[in-house]
Participant: 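Let me begin by handing over the structure; questions about it come next.
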Number of protein chains: 2
Amino acid sequence: MPRSASTASTAARAEETRRPAGLSEALEDYLEIILQIAARHPVVRVRDIARAKGVRMPTVTAALKRLAALGLVDYQAREHLVLTPAGASIASRIRGRHRFLTRFLGRMLGVSPAVARRDACGLEHHLSAESLERLTAFVEYIETCPEVGGDFLPRFRDCFGRDARQAICTHTACPQYARQASSRGAPRRGSHVLAPVASLRPGVCGEVARIQADERLRVRLQRRGLVAGVEVEVIGAGSLRGAARVRVDGRDVPLAPREARAVFLDTRPAREARDART
Amino acid sequence: MPRSASTASTAARAEETRRPAGLSEALEDYLEIILQIAARHPVVRVRDIARAKGVRMPTVTAALKRLAALGLVDYQAREHLVLTPAGASIASRIRGRHRFLTRFLGRMLGVSPAVARRDACGLEHHLSAESLERLTAFVEYIETCPEVGGDFLPRFRDCFGRDARQAICTHTACPQYARQASSRGAPRRGSHVLAPVASLRPGVCGEVARIQADERLRVRLQRRGLVAGVEVEVIGAGSLRGAARVRVDGRDVPLAPREARAVFLDTRPAREARDART
DNA sequence: CCCCTCTGTTAGATAAGTCTAACAGGATAG
DNA sequence: CTATCCTGTTAGACTTATCTAACAGAGGGG
């Protein structure tokens with residue numbers, strides 16, 4: 001969701017994002033590419049920048065002029081191209097984010113390499129310093145957490161991996177487990193008891209707290225906007241036995257029986273509570 | 001980092017991202033805002049869209065025309081505005097991502113609410129379906145992992161929280177712990193032994209595997225591009241005792257003694273190995 | 001009934017970021 | 001020495017996304 005009225009203009013937003021005024025996503029990309037080429041080649045050629053970014057040469061020339069105007073590269077037509085200290089500093093920062101995100105998505109979460117790389121390209125420009133710090137701390141914690149003794153990630157892969165369909169698993173979170181022993185004891189979060197949509201009657205509202213499903217079902221639900229954190233109101237049973245209908249942001253979404261059993265709500269007593277945290 | 005030459009044109013990229021051709025970030029924002037307003041108000045007014053997005057009304061009119069041309073809203077000048085099923089479906093998907101990311105950043109990682117919301121705005125357009133699926137699975141796993149018995153997040157907060165500076169902690173990952181008992185036994189990852197930059201001699205290359213530091217130090221390193229996943233070469237000791245200099249993407253980065261002790265490398269035997277995974 | 005206010009439109013300007021076409025300058029090959 | 005090729009520039013066009021200024025319609029107050 002976009003920013004609210006209080007943080008209005010584009011300029012204000014840029015500043016807020018801690019991105020030096022006037023530096024767009026595209027320009028950040030150029031800086032990063034220049035840094036990368038410079039690390040491997042003695043001279044940085046327009047040609048190579050264009051190839052790396054997938055654009056034509058005149059586009060690069062234009063970008064270099066904008067970067068020069070911002071004081072981030074030393075550029076004069078047909079001369080050697082170098083990053084200024086300011087430019088190199090920004091480029092390093094972006095590149096670090098890129099590497100970290102690629103690694104997080106790929107090695108940690110198990111996203112396929114090509115997608116991890118592509119997503120990192122998009123995400124790197126939008127992660128604030130604060131979020132990056134928290135995320136790196138989180139990764140650091142997981143990788144060194146003594147409680148799980150280094151088994152954490154392998155176990156995650158076992159349960160939620162793509163090719164580990166027949167893994168034996170005792171996690172309640174594991175789709176296999178769920179399939180075998182459907183519900184021995186309702187899941188909890190803190191002191192709240194979570195309930196699957198299938199068990200709730202029309203009128204109940206709540207926030208989606210868990211999606212206990214395998215990859216395919218999870219993706220199907222995500223396409224319709226059903227993901228943890230979303231506010232939902234149960235509006236009726238579906239046509240089939242066990243099916244349900246829920247209201248999400250004003251839209252009616254029908255759920256098949258399997259789906260209705262997979263979506264767990266953290267219910268609230270009141271029916272009308274659509275003040276909605278943004 | 002931007003895409004490589006193989007996935008060249010903007011059109012190709014849009015398709016790849018699974019974003020229907022011609023639908024930009026800004027337009028996705030408009031769809032999301034319209035959905036949100038529609039869920040609360042019987043009619044959706046241009047005025048309100050403008051306010052929510054922080055732009056002027058004529059900008060909204062223009063955007064609505066583009067959305068109408070894409071078949072995502074039913075729009076005729078001065079008439080009621082409604083999302084088409086296709087538009088509502090996209091809007092739901094984006095909104096779900098937004099909610100999930102806000103929750104992940106805020107509640108899970110502990111990012112401050114305002115920043116979490118703002119980052120979610122930027123990230124929501126760049127997370128592929130695959131990454132989202134993996135990330136939600138990861139969260140699901142953590143929240144229900146029997147090995148850590150639900151203590152996982154509170155413990156994370158204890159060790160890496162902002163205001164829990166004096167928490168007693170036995171995690172090797174914890175900055176407090178590190179400060180007290182600096183290094184009893186080198187950290188490992190798999191069969192590799194990780195080594196702090198401070199202990200390495202010039203010429204050694206490796207990937208940053210851990211940053212064992214508190215928030216302030218971590219942020220300071222991140223500003224210079226030093227974050228897990230980055231390729232680094234140790235190029236010398238610094239001026240001070242315990243300080244060091246490393247080369248990151250062709251840039252010389254000096255490290256203070258504390259910093260050199262905080263950055264752990266997964267070292268490789270060969271010196272020149274800058275084929276660099278992107 | 002006329003004027004004022006609010007909502008929303010049109011018109012026209014600007015900036016970023018891309019493209020193609022055409023030109024300029026240097027190296028190389030005959 | 002000239003023709004050719006490669007690199008990079010300039011020129012001009014287009015799209016997206018934004019702005020301001022000015023106009024249009026609808027409702028209410030006097």
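The chains referred to below are lettered A, B, ... by the order of the sequence lines, with proteins before strands, and numbering in each begins at 1. Predicted, not measured: the structure shown is a model, and the values here were computed from it.
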Participant: Want to settle it: does A:Ala26 or B:Val44 sit nearer the 5' end of DNA chain C, counting the closest nucleotide to each?
Facilitator: B:Val44
Participant: Taking only distance into account, with no hydrogens and no angle test, what donor-acceptor pairs under 3.5 Å do side-chain atoms of residues 64-71 of chain A form with protein atoms, sequence neighbours excluded?
Facilitator:
none

Participant: Any side-chain N or O of A:Tyr75 less than 4.0 Å from the OP1 or OP2 oxygen of D:dG8?
Facilitator: no
Participant: B:Arg223: what forms a salt bridge (charged side-chain N to carboxylate O under 4.0 Å, His left out) with it, not counting sequence neighbours?
Facilitator: none
Participant: Round to a whole Å and report the spacing from CD1 of A:Ile49 to C1' of C:dT18.
Facilitator: 16 Å
Participant: Can you tell me how far C1' of C:dA15 sits from CD of A:Glu25, to the nearest Å?
Facilitator: 16 Å
Participant: Give a yes/no on whether any side-chain N or O of B:Tyr30 is located under 4.0 angstrom from OP1 or OP2 of D:dT18.
Facilitator: yes
Participant: For nucleotides 20-28 of chain C, which of its nitrogen or oxygen atoms have a protein nitrogen or oxygen under 3.5 Å away, and what is each distance?
Facilitator:
unit_1: C:dT20; atom_1: OP2; unit_2: A:Arg56; atom_2: NE; d: 3.3

Participant: Tell me which one of A:Val60, A:Leu72, A:Val73 satisfies side chain to side chain contact (heavy atoms under 4.5 Å, CB included) with A:Tyr30.
Facilitator: A:Val60
Participant: Apply side-chain contact (heavy atoms from CB on, under 4.5 Å) to B:Ser131 and list each qualifying residue two or more places apart in sequence or on a separate chain.
Facilitator: A:Leu105, A:Val111, A:Val115, A:Asp119, B:Leu127, B:Ser128
Participant: Could I get the full list of side-chain contact (heavy atoms from CB on, under 4.5 Å) partners for A:Ala114, not counting sequence neighbours?
Facilitator: none
Participant: Could you give the CG-to-C1' distance, from B:Leu70 to D:dA17, as a whole number of Å?
Facilitator: 14 Å
Participant: Please list, by residue number, the residues of residues 61-69 of chain A whose heavy atoms come closer than 4.0 Å to an atom of DNA chain D; answer none if no residue qualifies.
Facilitator: A:Thr61, A:Lys65
Participant: As a test of reading the structure: which of D:dT9, C:dG17, D:dT18 is closest to the side chain of B:Val55, going by heavy atoms?
Facilitator: D:dT18
Participant: Going by side-chain contact (heavy atoms from CB on, under 4.5 Å), name the residues that satisfy it together with A:Ala38, two or more places apart in sequence or in a different chain.
Facilitator: A:Val44
Participant: Identify, with sequence neighbours excluded, every residue that meets salt bridge (charged side-chain N to carboxylate O under 4.0 Å, His left out) alongside B:Arg220.
Facilitator: B:Glu259
Participant: Nearest-Å distance, CG (A:Leu27) to C1' (C:dG17)?
Facilitator: 9 Å
Participant: Kindly calculate the angle separating the two end axes of the helix from C:dC1-D:dG30 to C:dG30-D:dC1, each obtained from five base pairs, and round it to 10 degrees.
Facilitator: 20°
Participant: Measure the distance from NE2 on B:His125 to P on D:dA17 and round it to the nearest whole Å.
Facilitator: 11 Å
Participant: List for me each residue that meets side-chain contact (heavy atoms from CB on, under 4.5 Å) alongside A:Thr136, sequence neighbours excluded, and say none if there are none.
Facilitator: A:Phe100, A:Leu132, B:Arg218, B:Gln222, B:Val227
Participant: Can you tell me the distance, in whole Å, between the CG atom of A:Leu81 and the P atom of D:dT7?
Facilitator: 16 Å
Participant: Rounded to the nearest 0.5 Å, how far does CD1 of B:Ile94 lie from CG of A:Asp249?
Facilitator: 12.5 Å
Participant: Could you check how far CD of B:Glu79 sits from C1' of D:dG25, rounded to whole Å?
Facilitator: 13 Å
Participant: Out of curiosity, A:Arg107 CZ to A:Thr102 OG1, how far, rounded to the nearest 0.5 Å?
Facilitator: 10.0 Å
Participant: Got a sec, which residues hit ring-ring contact (aromatic ring centres under 6.0 Å, His included) with A:Phe138, two or more places apart in sequence or on another chain?
Facilitator: B:Phe156
Participant: Taking only the side-chain nitrogens and oxygens of B:Lys53, find out if one of them lies under 4.0 Å from OP1 or OP2 of D:dA17.
Facilitator: no
Participant: Checking A:Arg56 now: which residues fulfil salt bridge (charged side-chain N to carboxylate O under 4.0 Å, His left out) with it, not counting sequence neighbours?
Facilitator: none
Participant: Between C:dC6 atom P and B:Asp48 atom CG, what is the distance in whole Å?
Facilitator: 15 Å
